[in-house]
Amino acid sequence: MLKISLSRLEELFAAIAEKQTLYIPSDRADGAAEFTKWEPGKALTQKLNTLRSAKDFFFPQTENIVDFKMEGKNIQVIDQRSEHEDFVIFGVRPCDARSFTILDKVFLSEPVDSFYKNRRDHGTVVTMACSRPAETCFCGTFGIDATEPEGDAACWSDGEDLFIKANNDKGQAFIDSISSLLEEGDTAKLDQVKAKTKEILSRLPLANLSTAAFGGDTLNEHFNSEKWAELSESCLGCGTCTFVCPTCQCYDIKDFNTGNGIKRFRCWDSCMYSDFTKMAHGNPRTSQLERFRQRFMHKLVYFPANNNGEFGCVGCGRCLSKCPISMNIVKVMKALEVK
Amino acid sequence: MQVNENKEFQPLIVAFCCNWCSYAGADLSGTNRLNYPTNVKIIRVPCSCRVNPMFILRAFQRGADGVILCGCHPGDCHYTSGNYFTRRRMTLLFSMLDFLGIERDRTRVEWVSAAEGAKFAATMNEFTEAVRKLGPNRRLEDLRCRKQ
Amino acid sequence: MQRIGVFVCHCGTNIAATVDVKAVAEALGHEPGVVISQDYQYMCSESGQNLVKDAIKEHDLGGVVICSCSPRMHENTFRKAAASAGLNPYLVEIANIREQCSWIHKDIATATEKAIILGKAAIAKVHLNTPLTSMESPVVKRALVIGGGIAGIQTALDIAEAGFDVDIVEKQPTIGGKMAQIDKTFPTLDCAACILTPKMVEASQNEHITIHSFSEVEDVKGFVGNFTVKIRKKARYVDETKCTGCGLCTEKCPMKKVPNEFNMGLDNRSAVYIPFAQAVPKVATIDPNYCMMLKNGKCGVCSKVCSVGAIDYKQQDRIIEEKYGAIVVATGFNPIKLDKYDEFAYNQCPDVVTSLELERLMNAAGPNGGTLLRPSDKTHPHTIVFVQCVGSRCDDSKGKPYCSKICCMYTAKHAMLIREKYPDTEVYVFYIDVRTPGKNFDEFYRRAVEQYNVHYIKGMVGKVTPKSDGKIGVQASDLLSNEQLHIDADMVVLAVAIEPDKTARPLATMLTTQMDTNDFFTEAHPKLRPVESATAGIFLSGACQGPKDIPETVAQGSAAAAKAIGLLCKNSITCNPCTAHSNELMCNGCSSCEKVCPYGAITYIDKEFRMPDRTTAIRRVASVNPAVCQGCGACTVACPSGAMDLSGFSNSQIMAEVDAICK
Amino acid sequence: MQEAMIKRAKELLADGSVKRVIGWKRGEFAYDITPAVFESAEELDKDFVFDDFTSANVSKYLVKESKKEGKVLVFLKPCDTYSLNQLTKEHRVDRDNIYVIGIPGGPKLDIEKIKAKGITGILSVKNDNYTLKIDTLYGEETMPFSEAILDKCASCKSKKHVTYDELIGEDGDVLDSDRFDMVEKLENMTAQERYDFWREQLSKCIRCNACRNVCPACTCEKCVFDNPNSGVENKAASDSFEENMFHIIRAFHVAGRCTDCGECSRVCPQNIPLHLLNRKFIKDINSLYGEYQAGADTTSRAPLTDYTADDCEASIVHERGAE
């Protein structure tokens, strides 16, 4: 497999950044990792994952869609779509890599979301295999192998070298663009690392979490479960879980009156919010129980029902560590699977 | 905010004036033909205590460079105590804006009675100059509202 | 989208000279919603108004913007015009392009630009205006007068004269107030009691007047035309309805060592007492602090001697509740305490007295039967020093910053009376200024100086020192001759500053009326509304509003009565429709708004609601009484959820104006 | 402590004094504790937990729970009792329907601080004489207890329970805390430095509303930021202005009402020190209008619904401190 010494990462990043914008996970001042634009001197984080997911690159939190300019009584419509520049996201973890597959199912199926597609077409996802999973990780539940990441191209580290491999044409093009820095390397040590990682993955506290009790055909069973009341009773109705989630894809479209015109934009929305999907008659889900249930039913039942059994969760564990009251999909699954 | 032909920065000043004292004071400075800059645009409110911090932030968002609140002198409020509440609210709000690094001189509270036409004009002249010196409001503006 | 008409006034050349009114009308005509925009020479003229009225009808306008002079000038004119054309008057907005534009700017281009912006702001606001309707609120035809001094008596008599029921609440056992304690009145030197007591009797006999003596206001709720007042009738341990005022109990009472407050503590009374001979009501009162029966159950003499069985040792305070349409405050004044004035030796020397004490010392019903004697040794004083401005016109924290107004005149009166009655007495008056504005006042003062040879000395007394020989050393400076004076006086009389009664402050809180820093009630306008408080339906009478002499007090008492009568005459009152209102679905019931409301217009009710989650719940929500709300808007900012909003100046209206200005 | 609490809760449930118990429920790991309502002895035995991670302030749940039928038992730490008092004062809870057992306060632990040390794969955390022994997938780690304390506990203002019906353990005192140090440090910076500081912090905001939704002072039936008619409603900050505005208005709305419980900063997924905004207001109120502790009682007038005739003028902001 092609490789480059970890000591030459800076060189590698510089070479990528020369051709297109490069984003890498790095540590910010408060210690948390986040994807930022690479510039000389910026180092890859040692953390397992970024605080926020990588979905922002394709589905940003707010996005201007169209402008209406008003002059007196005349209105002019200005389309805000423009061709996105090429970019590379380096160091995406296997769980987040899978999240793009899930988002694709939503945004790239008909009618295609042109804003999303524009970004997706111009972005190259370079993933990084895990070697030190955390207790909150449960990607295995959703069939993700943290040692064999998806993405356009995938990377591994054996502690000395970074190995890289293309998963598709786009990934190959990316590798070709930096091939002068790469050399063929021996993967013996890497295989050991992978084996060790697999062993740890098997010992994770959530290693045995299963989706067996869920899926598209379990709607009636779960929708009417009495457990929702207890599960949702302490939910604050905030949007933390939604906004750190790599797969949550709901948005709202709103108009902002600038005084000189209207900016129509879309922004993330959360099904946990009281005004989610508000319509002329009001909100279809009027209690927090219903809103809470919606979120988990969507991920565990409705989404697989509409997407050939694919679940709307990748087991990244962000909601496990970020929910202010520590309620999360794992607790929901464990409660619901008990008959 | 706008820049005129001689490229001098023309700050936009929003002045909230209570109906009973300061708005009347502004009228008086008009009656007495006391000049102050056109930069100042007055919004009439029943009492200075009607001014919600949201209105002030709104003005900055939309492009105001300075916001001034004028009310009756303490003790003279038409509604007895309105301006006392204004004073506490605005002291804390301005202190918070300062804490966030927003220039202090962009906000002000001034007590102007119905008889103080001269004070009104002088205050507006002085405040406009102070804000002009600061330059355009960049720290608390909404870029979407900036005039093209 | 509203159909809005814009009318730009030239105001002759007042506006048109500096603002291109045609350009303003043209520019505003392009604003969304504007269907007609025109200019006219004088919009406020008959024909200008007709222009507006015709346009309202012709174009079916839903909103009108007048770009003209200040709304303080002609807002009502245009509102009435709109109303007469069938448009709700509150759908009219004024853009002030005269006082706040044409008159202060010189450059036509910039002034025109600003006028357009002001017009746009008014248009933005009028888009969000809603029709408002004034409410009517009924008036209870009964007045309450708090305080039974000459101010309160005069007010009550005048209101009763007009045929309305009126209650007087007096905290003392008798009405009469300070005037009852005064010996003679300036500048006529007639006897105070002789002119006051007939009025007291008149009040007690008037069928429209109810006197609640020995009573205090406990609680005030409600609003103009409809106050509900709780009055505490303090236990006097004597049944008012039975007592004939024969005075036998006061004679037989064995406890006779009670300082007599009517005589300023200069003599004693019994534990059961009638304050003075002409007291109204003439009913005995038992002082529980001294009555042996009430203190330790041993005595009961009064009960035994009372032939009508009026004594009731078990009497309790009673609370009565009454509704009133108007309230007149007449809580009066008191001389200040002299604890902080050691230099005048008031607390050390009994012969240093206040002017009010002197009134009692000289009064025929006073401790000495009208003969002026020194309190210490009951001898005739031969040298008397009067000190003016004790605690008045002080710039330190000890005294009061204001002039107590009446001291110059009563001191001249005292000096004159003493010189008249005891020509062998030398009288010195130390003053800062002698203030004698008033009918026959200066003449009166000059008589004291010229005819009675009172020694008026401009200067302040520095120190008063009681001496071992009974004399009082007065050390003073004569500012005119610039020399230090040492006078051995027999008596020193202090013209003590007056201050509002201590009960006024809590009362002001109950009434939600305003006070100044000296605790005098603040009038609604210092020039034009001197007897009204800023709170509708609360009127001010007498010295509670500021120092006053008797004629002024009586005049103000009658003026307050006239204002109260004016209110009581109405069957209902029209309220300002620009009032606050609470969106009950958003209200948290947190009470923040109630705390900042100066009028007590907000109350809370528990109400059943269907909640967003389809359950029902009883929630505490704010409710604004539109008859009481004056529309200041303090509550709207105190409310964190934004449930409270103000009609006519709503959040969205003001923000629309901001947006239009900043556009 | 946990055993005593469970015992007492069971007694009160058994004798019918209370119908429900608000406390904390154990989670999947050592630290992911969820506030919960318990209705039976079995539930209490199974899941009730009180340990170094039970830091959540459960008082806000009383807004809903106290209005249900039957009395509710709640375990409150000293800081939480201030919140309850404030809620009582604002008529947001029915205090008569609440039975408060005061329990000892922190310091509680912040799992983020442990993770920040690079410790991951955490299986258990044990406090061994103020050294944390942390069992992980990658072996045992240790760190001093003091380095893992929650920020809100590190600057604890009071160990005193300001309202309770009974106590388990002893009551403490109001503490002399250093909670205003950071505010003061910021005040002493230049305006530019302060601006940069807050821009860095507030630009992290993802508008998840966790700070607002956890805040015991934010109990509005409808928040202005959720109300399309308020003029400030939005779901995400589209511009730096909106990031600022949300936090300014939120802090202003709780000014004089915030008890400084510190939950806003604890729950912020982006580690924004939001408590500094509230503390700035508290510090200003204390220095300008006299010491005031929201929630210390249920009757005093809040600083923003009160005034004195000789309050300082707003220009004091211009006159003090560094520019």
Side-chain angles (χ1 to χ4, degrees), chain B residues 1 4 10 12 14-20 23-24 26-56 58-64 67 75-82 84-86 89 114 117 121 124 145 147, chain C residues 69-73 94 96 98-107 109-111 113-115 117-118 121 125 508 512-517 522 524-526 533-535 578 596-599 630-639 642 646 648-649 651 654-655 657-663:
Chain B
M1 192 274 296
N4 67 9
Q10 290 297 335
L12 172 58
V14 176
F16 291 97
C17 292
C18 85
N19 182 48
W20 306 96
Y23 194 86
D27 278 354
L28 184 63
S29 73
T31 310
N32 294 344
R33 311 297 200 275
L34 300 169
N35 296 341
Y36 57 86
T38 51
N39 308 54
V40 178
K41 314 286 192 301
I42 294 170
I43 292 177
R44 184 166 69 127
V45 286
C47 176
S48 60
C49 71
R50 177 66 189 88
V51 178
N52 195 308
M54 290 197 276
F55 303 161
I56 295 172
R58 178 89 164 198
F60 283 123
Q61 172 185 32
R62 305 279 159 158
V67 178
D76 294 344
C77 176
H78 178 80
Y79 304 100
T80 13
S81 52
Y84 288 129
F85 294 117
T86 305
R89 289 168 185 165
M124 292 307 149
C145 301
K147 282 160 218 74
Chain C
C69 56
S70 172
R72 297 175 56 83
M73 191 72 80
I94 311 286
N96 183 343
R98 191 179 74 174
E99 282 85 346
Q100 295 179 5
C101 191
S102 71
W103 277 353
I104 43 166
H105 306 313
K106 290 186 181 127
D107 178 58
T110 53
E113 192 189 351
K114 174 167 168 182
I117 291 171
L118 295 179
K125 186 177 182 195
T512 65
T513 50
Q514 194 185 350
M515 287 189 133
D516 63 20
T517 50
T522 306
H525 189 283
S533 78
T535 307
C578 294
V596 299
C597 180
Y599 306 102
Q630 301 291 311
C632 68
C635 53
T636 61
V637 183
C639 177
L646 186 66
F649 292 95
N651 287 332
I654 297 175
M655 284 198 266
E657 284 182 273
V658 170
D659 290 359
I661 284 174
C662 298
K663 204 147 88 172

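Convention: sequence-line order gives letters A, B, ...; per-chain numbering from 1. Since the model is a prediction, treat every value here as computed from it, not as a measurement.
Of the atoms belonging to B/V67, not a single heavy atom falls under 4.5 Å from chain C. For C/K106, the part lying under 4.5 angstrom from a heavy atom of chain B is the side chain only. Of the atoms belonging to B/R89, it is side-chain heavy atoms, and not backbone ones, that fall under 4.5 Å from chain C. Using a 4.5 Å cut-off between heavy atoms, B/I42 touches chain C through backbone and side chain atoms alike. Of the atoms belonging to B/C77, it is backbone heavy atoms, and not side-chain ones, that fall under 4.5 Å from chain C. Residue B/A24 touches chain C through both its backbone and its side chain, counting heavy-atom pairs closer than 4.5 Å. Contact annotation for B/N19: both backbone and side-chain heavy atoms come within less than 4.5 Å of a heavy atom of chain C. Of the two parts of C/D107, neither the backbone nor the side chain holds a non-hydrogen atom closer than 4.5 Å to a non-hydrogen atom of chain B.
Contact between C/W103 and B/G30 at its shortest, heavy atoms only, is CB-O, 3.3 Å. Contact record, C/I104 with B/N35: O-OD1, 2.8 Å, taken as the closest heavy-atom pair. Scanning both residues, B/A26 and C/Q100, for their nearest heavy atoms gives CB-NE2, 3.7 Å. In terms of heavy-atom proximity, C/L646 sits nearest to B/P46 at CD2-CG, 3.6 Å. Heavy atoms only, all atoms of each residue included: C/V637 and B/R50 are closest at CG2-O, 3.6 Å. Contact detail for C/M655 and B/F55: the closest heavy-atom pair is CG-CD2, 3.7 Å.
In this structure a side-chain-to-backbone donor-acceptor pair under 3.5 Å is missing from B/K41 to C/C662.
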Step-by-step side-chain contact (heavy atoms from CB on, under 4.5 Å) determination, C/I654 to B/V45: CA-CA 8 Å; C/I654 297 175; B/V45 286; 3.9 Å; yes
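With sequence neighbours excluded, the residues that form a side chain to side chain contact (heavy atoms under 4.5 Å, CB included) with C/C632 are B/C47, B/C49, B/Y79, C/P598, C/A634. Contacts of C/S70 classified as side chain to side chain contact (heavy atoms under 4.5 Å, CB included), with partners at least two apart in sequence or in another chain: B/Y23, B/D27, C/R72, C/N96, C/E99.
Considering only heavy-atom pairs separated by less than 4.5 Å from chain B, the leading option among C/K114, C/Q630, C/E657 is C/K114. By number of non-hydrogen pairs under 4.5 angstrom with chain C, the leading residue of B/Y36, B/F16, B/W20 is B/Y36.
Within the 4.5 Å cutoff, the side chain of B/I43 has heavy atoms near those of the C/V658 side chain.
Atoms CG and NE2, from B/N39 and C/H105 in turn, are 8.5 Å apart once rounded to the nearest 0.5 Å. Here the CD1 atom belonging to C/I661 is positioned 12.5 Å from the CZ atom belonging to B/R58, to the nearest 0.5 angstrom.
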